[in-house]
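This is the structure I want to talk about, given as structure tokens.
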There are 2 protein chains.
Amino acid sequence: MTQLDIPEDTAEQSPKLGRKRDHTRDPEILAAALEVLAETGYDGMTIDMVAARAKAGKATLYRRWPSKGELIIDAVACMKQSGNDYSRLPDTGSLRGDLVAMIKPLSIKDSEKKLQILAGLMSMLSHDPGLADAANAALLEPKVAANRVLMQRAIERGEISAGCDIDLLSLITPSMVAYRVLILRKPVDSAFLISLIDGVLMPAVGLGPSANGRTD
Amino acid sequence: MTQLDIPEDTAEQSPKLGRKRDHTRDPEILAAALEVLAETGYDGMTIDMVAARAKAGKATLYRRWPSKGELIIDAVACMKQSGNDYSRLPDTGSLRGDLVAMIKPLSIKDSEKKLQILAGLMSMLSHDPGLADAANAALLEPKVAANRVLMQRAIERGEISAGCDIDLLSLITPSMVAYRVLILRKPVDSAFLISLIDGVLMPAVGLGPSANGRTD
DNA sequence: CATATACGATACTCTTGAGTTTCGGATCTT
DNA sequence: AAGATCCGAAACTCAAGAGTATCGTATATG
């Protein structure tokens with residue numbers, strides 16, 4: 001259990017004899033598992049649901065993964081690839097500009113889907129630390145890391161004080177978005193995110209209402 | 001379903017004839033349900049577990065609640081009474097003093113227990129809005145409301161600007177504590193909470209590092 | 001003491017879902 | 001075309017848990 005690295009993706013064993021091809025269906029199956037997981041939660045989700053969603057046979061899933069638990073661990077771990085791409089971050093010259101540039105409808109939808117998956121796993125996180133780390137690494141940490149990089153760059157260019165608690169501040173937006181989506185069940189819009197930037201983050205890094213290039 | 005008010009607590013019907021007493025066991029049973037819920041989550045929890053924990057028979061639970069779902073709805077709704085008492089809030093004269101005065105080991109333990117209960121319910125909140133509202137009202141909103149009152153008083157005494165987004169700021173501590181407990185699974189200590197107060201909340205309300213009575 | 005009621009324990013039914021097996025058909029290799 | 005292998009569908013086994021029913025007991029009333 002709790003094997004989180006993904007040793008096989010494509011081209012797993014040596015293709016010996018006449019068979020169609022290797023586990024090419026894996027991506028569809030894992031995507032189907034994530035969809036069902038987001039919709040019904042881990043306990044509500046059944047293997048038959050995943051198989052039907054992927055238009056695959058239940059036996060196919062069990063030929064590939066030993067159990068339901070391993071399947072979802074694999075599915076969550078594989079999320080690190082899919083979803084939003086945080087490898088090329090905006091660089092507008094100001095921290096506020098960078099943070100605002102991160103607000104995109106696609107990014108919001110991606111966050112909401114990831115949070116639904118997280119909600120489906122939540123009750124297991126306390127009992128399986130490995131799954132908790134994997135879920136965090138795949139679902140939340142990418143966004144947190146992006147925030148951290150933007151703030152670190154702002155420190156390096158002398159825009160904000162080096163005394164800021166970057167590790168703390170980079171968690172604020174993700175945690176507030178999670179609260180709003182999962183608990184309050186309100187939509188996340190750019191107005192909410194701008195409020196966080198201007199009402200919380202900018203003051204916290206020492207850039208008060210008059211210390212930046214806002215036009216409002 | 002989703003009947004959230006609690007019409008009976010003690011003295012429910014007219015005691016007609018010779019029976020021991022009415023549903024005096026209700027509090028123990030509901031407390032047991034909350035314990036099991038926090039430990040195993042809604043789906044992992046069984047009626048037998050709750051009955052055993054409360055040293056009651058399974059039939060007793062079904063004589064009192066029609067289903068497992070109704071039992072936990074009742075249990076969550078009844079949490080509004082128990083737990084920390086936010087009716088008498090500190091009044092130290094300064095917002096920072098009030099916020100710091102709210103930090104107590106007992107309050108932290110209470111929050112962590114409530115968050116475990118929340119985690120156990122999380123996957124159902126998307127499918128049952130009534131349960132989501134009840135869980136929020138019982139588990140998180142009391143603390144949020146307390147924060148809001150403290151900030152509102154700071155506005156009224158002229159300590160902070162009336163332009164602060166109090167409804168937003170009062171969510172920061174709860175959401176960050178939830179993130180830390182449920183996702184990062186790190187302990188909540190006073191150092192973390194002080195960091196939030198001094199590194200996030202105070203700057204956001206316009207009380208920078210030199211504008212308050214801190215001695216550090 | 002007699003009676004009625006609520007309780008705890010336990011045995012029971014019934015549904016659901018995890019995991020297994022079987023089988024016919026499709027596809028790739030040779 | 002022949003053979004080997006993988007796949008999807010569906011029938012199957014098995015365990016667990018929700019909810020029900022029964023029974024002996026304890027207790028309060030009268």
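A, B, ... follow the sequence lines: proteins, then strands. Residue 1 opens every chain.
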Report task. Check salt bridge (charged side-chain N to carboxylate O under 4.0 Å, His left out) between B:K109 and all other residues, then give those that pass, not counting sequence neighbours. Result ->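 Listed in chain order: B:E112.
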Query raised in the report: Under 3.5 Å, is there an N or O donor on one side and an acceptor on the other linking the side chain of A:R63 and the base of D:dG8?
Result: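 Donor-acceptor pair under 3.5 Å: yes.
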**Report entry** Nucleotide C:dA6, atom P - distance to CG of B:D26 in whole Å
**Finding:**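 Rounded to the whole Å, the gap is 13 Å.
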Query - Minimal non-hydrogen separation, A:Q116 against B:S126, with atom names - result: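 In terms of heavy atoms, the two residues are closest at OE1-OG, 3.4 Å.
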Report task. Would you mind building the protein contact string for nucleotides 10-20 of chain C? One character per nucleotide, 5' to 3', B for base within reach (heavy atoms under 4.0 Å), S for sugar-phosphate only, - for untouched. Result -> -------SSBB
Requested in this report: Please tell me if the side chains of B:D165 and A:V200 come closer than 4.5 Å, counting only heavy atoms from C-beta onward.
Outcome: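 The answer is no, as the side chains (C-beta and beyond) never meet within the 4.5 Å cut-off.
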Report task. Mind calculating the distance between CZ (B:R25) and P (C:dT5) to the nearest angstrom? Result ->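 It is 21 Å, rounded to the nearest whole Å.
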Report task. Measure from CD1 on B:I29 to C1' on C:dG8 and round the result to the nearest Å. Result ->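 After rounding, the reported distance stands at 11 Å.
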Query raised in the report: So, B:T46 versus B:D48: side-chain donor-acceptor pair below 3.5 Å or not?
Result: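 No, because no side-chain N or O of B:T46 sits under 3.5 Å from a partner of the opposite role on B:D48.
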Query - Salt-bridge criterion met for A:R148 and A:E141 (N-O under 4.0 Å) - result: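 Yes, charged N to carboxylate O under 4.0 Å.
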Requested in this report: May I ask you to decide if A:L37's main-chain N or O and A:T40's side chain share a donor-acceptor pair within less than 3.5 Å?
Outcome: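 No; judged by distance alone, with no hydrogens or angles, the pair does not exist.
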Requested in this report: May I ask you to evaluate whether A:T60 reaches the phosphate of D:dC7, defined as a side-chain N or O under 4.0 Å from OP1 or OP2?
Outcome: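 For A:T60, the contact criterion (side-chain N or O under 4.0 Å from OP1 or OP2 of D:dC7) is not met.
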Report task. Measure from CZ on B:R64 to P on C:dG8 and round the result to the nearest Å. Result ->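 Going from CZ in B:R64 over to P in C:dG8 covers 14 Å.
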Query raised in the report: Rounded to whole angstroms, how far apart are NZ on B:K55 and P on C:dA6?
Result: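 Those two atoms, NZ and P, are 24 Å apart.
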Requested in this report: Give the rounded distance in Å between these two atoms: CD1 of B:I72 and P of D:dA18.
Outcome: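 Spelled out: CD1 on B:I72 to P on D:dA18 is 12 Å.
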